[in-house]
Structures are given as structure tokens and as C-alpha cells.
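Treat the numbers as computed from the prediction; the structure is a model and nothing was measured. Scope of the values below: all heavy atoms of this structure, side chains included, with no hydrogens, waters or symmetry mates.
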Amino acid sequence: MKLGCSYFGNRILKHVRKDMEELRDMGCTFVVHTYNENDMMFYHQNMCEMVAMTQELGMEVYIDPWGVGKVFGGESYSNFVMQNHDACQMVSDGRAAGAACPNHPRFREFMREWTDQAAATGAETFFWDEPHFYVVGWVGTRPDTWGCLCETCRKLFTERTGLPFPTERTPELNKFQEDCIFEFLSEMIAYGHSKGRKNALCVLPSKDPEHSTANFGRMASIPHLDIFGTDPYWVSFKKDLEEFVGGNSREVMQLCEKHNLEAQIWIQNFHVPAGREQEIVTATDLIVSSGVKNIAVWGFDGCKHISWIRPGNPDLAWAKTKEAYARALKA
Ligand SMILES: [Zn+2]
């Protein structure tokens, strides 16, 4: 059983050490360290030291392009977006999105730089975290809009389909965006693989065809992928716990068996309302019973340090996370 936890929000090494010891003591075998654009620019050496410290304590490190270009999930801003307005996604209201376009050559080039730097930290595995095109409802998006309608996407769409670029969402556009995300990830994962690292992909738990990664089977077929999974955060998505966590776990298991991959499922301990902390244990039990042997939780200390997503009772949420992990290790 592999157990992991995300870690972010602190780069003060004496505190990091204490926290890594706590993760080791609760049975974690890996840590997902976020490595956002701020880390890349201003904290690189600290990140190298954090990675080494985690490994010295016997845990593996996954490195996460957290919020990079705002193409990946994560509560961090993007300097690339600020500096490259002409490489951003365009939205149907005629304004740019606060997110890079995964099809823009300059963003692809930047992601290769990110990959170089992330590999240089010494992390063993790239963790490609919730890649997506513009999704309404995320921070910084605008109601009743869609994207991307940038020049790069328009040109590619017409070249490939022979159709004029649509004026509203169509099945052809959904398929085009799926192809584009598949190609973008294929390029990044092949590049990560060429650096001798493993690749883990975590897709959003959505089957809405407007979500570019909704076709799990296609995403799991990306060459050089080692680990595939999703993060069925039942509280955030307002879903039935058993159906959402159990269903996604079973589906991911089946796909991973088919493609010879390691299955990974994420547990939510953030944003859990007070009184519902036991659900963290229930969710973990469901994942274990589905046969998934790589389980991770978002995130350290029940996310008490990030008030945007802090649970109602963070200390209890964290205690329940530890209880859940102890049960998983005994299963
Ligand atoms: Zn675009």
C-alpha cells in the first residue's frame, strides 16, 4: 500500500522537517510537493532541500505544477499569464481568460522549462495535476462563457476539421479540446519520461463532455504514463460519497489494469464541514476495497493553513485522516 499527502504553503526548512517526520510517522510512503511558478523562480534551492529531506526520511517525492499557467489545478497565481497576455486562452465574451492556452507554442516551451526545473529538484515523479481548458466556475472565470477561442485554437481547429470555428460549444469542439489536452499531456509526459522520471496523471472527476479530460480511457492511454487516477472530492462536487468515490475508484482500477498502470485515488480532507469528518475514513475504506493501492490525501494537516479551503474542524479532519491511513495499512 502506497500512501501519500500533498504539502504546500511552507518553505521554512526547520518546519518542513517536522512536518515530513509527521507524514512518515503516519505511514506515508510519498509526498506530493507543489512546485508552482513562485517556487520555480524564488524558492528553487529550498525546494531541492525539501525534496532531499523528504527522501532522507524514506519517502518518495511527486512534484506538482500547481496552478502553473492556470492550466493545472492549484491555489497559486501564474507569472506566465501576467507576462504573456498574447498566449492566454480567449473567452466567448471577447476577453482573455487568466489562463494560458495549452496549444500556444510559448506555453509548451515554458512547460518544458518547468519540467527541467522540477526534475532538477530531484523529485522522482511528475504529478500532472488536473490539467484543463477554461472551466466556468473556477476562480477568475465568468458566468455563461466558454473557451478557448484564441487564434492558435481557431487555426488548429479549422486545419483539422475543415470547419469554421464554432460560435458556441459543439461536439466537434469538445472532441478537438480532448485531442489538444491529450497531445499536450503526451508531449509533457514523454519529456518527463526522457528525464528518467515517472509520470502520474490526475484528471478531474468529471464526465461532462465539455471537460477536456472526461474521456478517462483516452487519458489513461497516454504513452509513458506510469500512474493514472482522479480526485473524487465528494464534498466539493456535492456528490454521494459511496457512488462518487467507489465508482471512480473501480473505474480507475479497471482502466489501469487494461493499460498496465498503477491506480491512484485522492481523498478530500479539505473543506469538510464540521460533523462529517468520519466520511474521510469511509472514503478511504471504499478506495481500499476497490483494490487501489496508491492513495493520497489533499492535504497536510487537514489544510488548516489555507483558510480558503480549511475544514470546519481541521484538527479532527487531520486526526480522521491518520485513522484512515492506519486502517488502510492494516487492510
Ligand atoms: Zn487557445
Side-chain angles (χ1 to χ4, degrees), residues 6 8 32-44 47-48 51 61-90 96-135 138 140 147-148 150-153 155-156 176-204 211-213 218-219 221-228:
S6 67
F8 56 91
V32 178
H33 282 299
T34 58
Y35 183 69
N36 64 22
E37 294 181 50
N38 214 47
D39 294 317
M40 186 179 163
M41 192 151 179
F42 300 115
Y43 293 83
H44 179 74
M47 293 304 302
C48 294
V51 168
V61 176
Y62 291 33
I63 198 105
D64 179 346
W66 204 47
V68 171
K70 302 311 288 177
V71 166
F72 295 94
E75 286 84 5
S76 63
Y77 290 128
S78 169
N79 188 53
F80 179 90
V81 167
M82 289 191 282
Q83 304 292 337
N84 294 276
H85 290 169
D86 57 339
C88 284
Q89 295 183 55
M90 281 301 295
C101 180
N103 282 333
H104 200 284
R106 209 178 312 135
F107 183 62
R108 297 279 184 106
E109 187 189 318
F110 178 69
M111 280 308 301
R112 290 169 90 90
E113 280 171 41
W114 180 89
T115 307
D116 291 339
Q117 292 298 308
T121 64
E124 291 98 339
T125 302
F126 292 108
F127 180 70
W128 306 105
D129 190 351
E130 298 179 337
H132 61 279
F133 270 93
Y134 181 85
V135 176
W138 284 47
C148 169
C150 81
E151 284 307 315
T152 306
C153 286
K155 191 165 168 282
L156 262 182
F176 169 74
Q177 291 195 336
E178 179 191 307
D179 291 345
C180 293
I181 281 285
F182 180 87
E183 287 157 20
F184 168 66
L185 291 170
S186 295
E187 181 182 332
M188 293 307 130
I189 286 169
Y191 191 57
H193 178 76
S194 76
K195 295 187 163 292
R197 301 304 202 277
K198 286 191 290 179
N199 286 284
L201 171 61
C202 176
V203 295
L204 287 163
H211 277 224
S212 48
T213 58
R218 181 103 190 274
M219 297 301 135
S221 74
I222 293 175
H224 306 299
L225 196 56
D226 299 286
I227 300 161
F228 174 77

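- Partners of His132 according to the ring pair (Phe, Tyr, Trp, His ring centres under 6.0 Å) rule, which considers only residues two or more places apart in sequence or in another chain, are Trp138.
- Under the side-chain contact (heavy atoms from CB on, under 4.5 Å) test applied with Cys202, the options Trp128, Phe228, Tyr62, Phe127 reduce to a single match, Phe127.
- Taking each heavy atom of Pro105 and Thr152 in turn, the nearest pair found is CD-CG2, 4.5 Å.
- In summary, the side chains of Asp129 and Trp66 do not present any donor paired with an acceptor at a separation below 3.5 Å, with no hydrogens or angles considered.
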So Glu124 and Lys198, salt bridge (charged side-chain N to carboxylate O under 4.0 Å, His left out) or not? Walk me through it.
CA-CA 6 Å; Glu124 291 98 339; Lys198 286 191 290 179; over 6 Å; no

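- Other residues, nucleotides and ligands contribute over 12 non-hydrogen atoms within 6.0 Å of the CZ atom of Phe182.
- If you take CZ on Phe126 and CD1 on Ile63, they are separated by 8.5 Å, rounding to the nearest 0.5 Å.
- Within the 4.5 Å cutoff, the side chain of Phe72 has heavy atoms near those of the Met111 side chain.
- At least one side-chain heavy atom of Asn103 sits less than 4.5 Å from a side-chain heavy atom of Phe176.
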- Item | Phe107 vs Asn84, side-chain contact (heavy atoms from CB on, under 4.5 Å): CA-CA, chis, key distance, verdict | CA-CA 9 Å; Phe107 183 62; Asn84 294 276; over 6 Å; no

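- With rounding to the nearest 0.5 angstrom, the CD atom of Glu130 is 9.0 Å from the CG atom of Asp64.
- The shortest non-hydrogen separation linking Pro223 to Ile189 is O-CG2, 3.4 Å.
- For the pair Cys48 and His44, the minimum side-chain heavy-atom distance is below 4.5 Å.
- Note that SG of Cys101 is 5.0 Å distant from CD of Gln89, once rounded to the nearest 0.5 Å.
- For the pair Asp39/His33, no side-chain contact is recorded, criterion being any heavy-atom separation below 4.5 Å from C-beta on.
- For the pair Cys88 and Cys150, the tightest heavy-atom approach, listed with the atom from each and the gap, is O-CB, 3.9 Å.
- In terms of heavy-atom proximity, Ile181 sits nearest to Ser212 at CG1-OG, 3.2 Å.
- Annotation: the span from Phe133 atom CZ to Gln177 atom CD amounts to 4.5 Å, rounded to 0.5 Å.
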TODO: For the pair Lys70 and Tyr134, evaluate side-chain contact (heavy atoms from CB on, under 4.5 Å) and give the outcome as yes or no after the intermediate values.
DONE: CA-CA 9 Å; Lys70 302 311 288 177; Tyr134 181 85; over 6 Å; no

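- Screening residues 107-119 for salt bridge (Lys or Arg N to Asp or Glu O under 4.0 Å), with sequence neighbours left out, gives Arg108-Glu187, Arg112-Glu187, Asp116-Lys195.
- Minimum heavy-atom separation, Val81 to Gly69: CG2-O, 3.7 Å.
- In this structure the side chain of Arg197 never reaches within 4.5 angstrom of the side chain of Thr125, judged on heavy atoms.
- With 3.5 Å as the limit, one finds a donor-acceptor pair spanning the side chains of Ser78 and Glu37.
- A heavy-atom distance below 4.5 Å is found between the side chains of Met219 and Leu201.
- Residues passing the side-chain hydrogen bond (donor to acceptor under 3.5 Å, both in side chains) test with Asp86 are Arg106, sequence neighbours excluded.
- Residues Tyr35 and Trp114 meet the side-chain proximity criterion, which asks for heavy atoms closer than 4.5 Å.
- For the atom pair NE2 (His193) and OG (Ser186), the distance works out to 13.0 Å, reported to the nearest 0.5 Å.
- In this structure the side chain of Ile227 never reaches within 4.5 angstrom of the side chain of Asn199, judged on heavy atoms.
- Between atom CG of residue Leu156 and atom CD of residue Glu151 there is a gap of 11.5 Å, rounded to the nearest 0.5 Å.
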